[in-house]
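The chains referred to below are lettered A, B, ... by the order of the sequence lines, with proteins before strands, and numbering in each begins at 1.
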Protein chains: 2
Amino acid sequence: MATFKITLAYDGGNFVGWQRQAAGASVQGLIEDALRELDGHDVPVAGAGRTDAGVHALGQVASFVLARSIETEALVRALNVRLPADVRVLSAELAPVDFHARFGAKRKTYRYRICNADVINPFDRRYAWHLIGPLDVDAMAVAARCLEGRHDFSAFQAAGTAPRTPERLVTLSRIVTFEDGTTPIRDIRSTALGGALISYEIAGDGFLRHMVRAIVGSLVEIGRGRWPIDRMQDVLASHDRRRAGPTAPAEGLFLVAVEYGDL
Amino acid sequence: MATFKITLAYDGGNFVGWQRQAAGASVQGLIEDALRELDGHDVPVAGAGRTDAGVHALGQVASFVLARSIETEALVRALNVRLPADVRVLSAELAPVDFHARFGAKRKTYRYRICNADVINPFDRRYAWHLIGPLDVDAMAVAARCLEGRHDFSAFQAAGTAPRTPERLVTLSRIVTFEDGTTPIRDIRSTALGGALISYEIAGDGFLRHMVRAIVGSLVEIGRGRWPIDRMQDVLASHDRRRAGPTAPAEGLFLVAVEYGDL
């Protein structure tokens with residue numbers, strides 16, 4: 001018996017989300033199926049972030065207990081040969097017996113990508129929210145910063161969900177932009193063509209359901225000049241989901257990293 | 001009657017290539033179909049580079065003559081609404097009546113992406129050649145440079161093809177590498193996970209069929225230590241396709257840009 005911690009990346013486009021559902025392919029389901037084949041019995045897998053349908057991951061973390069003993073490198077290979085190419089296990093390590101990817105997570109970082117160009121680069125079409133028309137990125141950046149700190153984020157949670165406590169500590173909430181040309185120098189798909197790539201990064205000790213996407217939807221209202229910058233503060237203080245902006249589409253969202261231990 | 005020059009990007013994964021074929025979707029075929037609908041009659045389209053099946057484009061250029069008059073911005077929009085999301089017209093401009101995208105091209109730039117990591121980032125799976133195991137990138141860089149200049153590139157052309165002249169001027173042939181981590185800072189899909197992204201750039205006045213991919217296949221033989229560095233020079237001088245390395249897979253290749261006019 002050993003507890004393992006794995007780090008994985010996936011293209012969320014073809015999945016119903018992290019969590020196993022009655023119908024449709026889920027990342028958790030694929031990993032559990034692969035581990036059952038490997039370990040000879042059911043292996044429940046816990047994921048740090050339960051990403052929704054269409055949401056991507058660069059550094060999701062999952063944990064599980066295996067009956068058989070296996071080297072971590074062999075585990076990575078054995079999982080990857082059983083998984084489709086849009087899910088890749090990047091690394092595996094032995095963890096303390098009581099390690100749990102979700103309950104033990106100290107900080108998660110998400111990134112949301114917006115392509116603000118008349119025409120979206122075809123290589124970004126499944127990995128960004130395409131927004132045409134002017135966006136006041138500076139205003140969005142100021143509004144983003146006011147979410148940093150410990151707050152009740154009820155205004156940004158999915159309608160109908162009620163967590164035990166809606167308070168979360170957000171340690172970083174920033175807008176980063178990348179300039180661009182039609183022939184990006186550094187790499188091919190790192191920038192939008194004919195416009196700016198706007199990236200929003202948020203890190204915190206936990207996130208409510210749809211929280212990042214509702215924040216991004218609200219930032220875009222500000223970017224489009226429909227709301228004044230200080231409305232962000234008002235929405236946050238209202239604790240009322242109806243005051244926030246629309247939920248931004250899933251395809252722009254990436255779970256970037258999950259951290260454990262003392263921070 | 002007006003001649004137009006358009007610049008376009010496409011994800012080559014779902015196409016039989018640029019050129020219209022008896023069966024399968026081609027980029028040229030899609031654009032010609034869209035223009036026929038727009039102009040009311042057949043519009044032959046010339047492409048600067050006849051990219052093969054699976055090869056991508058960031059800045060392909062095409063030309064055609066329309067009977068009806070149309071503003072260039074309206075032309076971009078009209079084409080994009082008729083094209084699938086994996087082909088995007090980035091810009092359009094009026095060109096001299098005798099402009100021809102292929103015959104007028106002065107320089108083309110291609111990029112080939114190699115992911116040299118144990119596990120490939122799922123976001124790169126359709127856009128790079130995944131090579132596991134050590135690659136001597138410095139040796140590849142030295143070998144790449146020796147192709148710059150005017151040479152007979154017969155050794156790197158597809159077997160069975162015989163162009164009028166196999167001589168081409170290569171103005172740039174370089175290896176560029178990008179370091180990486182599991183959580184790339186700058187952007188999501190710009191680097192491989194757990195390994196280096198190796199990018200090969202080549203520019204010249206023209207390319208023989210499969211030339212870039214045969215060059216990359218040869219560079220990889222050197223990177224893997226199967227060939228000494230100076231074998232590249234020998235292969236080039238041999239004019240013999242059987243001496244070169246295997247043709248690298250299409251999915252790593254991008255037509256980056258096409259230039260016209262005095263250089």
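Taking each heavy atom of B:F123 and A:L58 in turn, the nearest pair found is CE1-CD2, 3.7 Å. Across every non-hydrogen atom of B:R125 and A:A85, the tightest pair is CD-O, 3.4 Å.
To the nearest 0.5 Å, the span separating CG on B:N121 from CG on A:L90 amounts to 8.0 Å.
The environment of CD in A:Q21 is crowded: more than 12 heavy-atom neighbours from other residues, nucleotides or ligands sit within 6.0 Å.
For A:H130, there are no side-chain hydrogen bond (donor to acceptor under 3.5 Å, both in side chains) partners at least two apart in sequence or on another chain. Under the side-chain hydrogen bond (donor to acceptor under 3.5 Å, both in side chains) criterion, B:R174 pairs with B:E148, sequence neighbours left out.
With respect to B:N80, the side-chain contact (heavy atoms from CB on, under 4.5 Å) criterion is satisfied by exactly one of A:I120, A:D118, A:V119: A:V119.
Proximity to chain A (any heavy atom under 4.5 Å) is restricted, for B:A57, to the backbone atoms N, CA, C and O. Contacts of A:R77 with chain B are absent, with no heavy-atom separation under 4.5 Å from either backbone or side chain.
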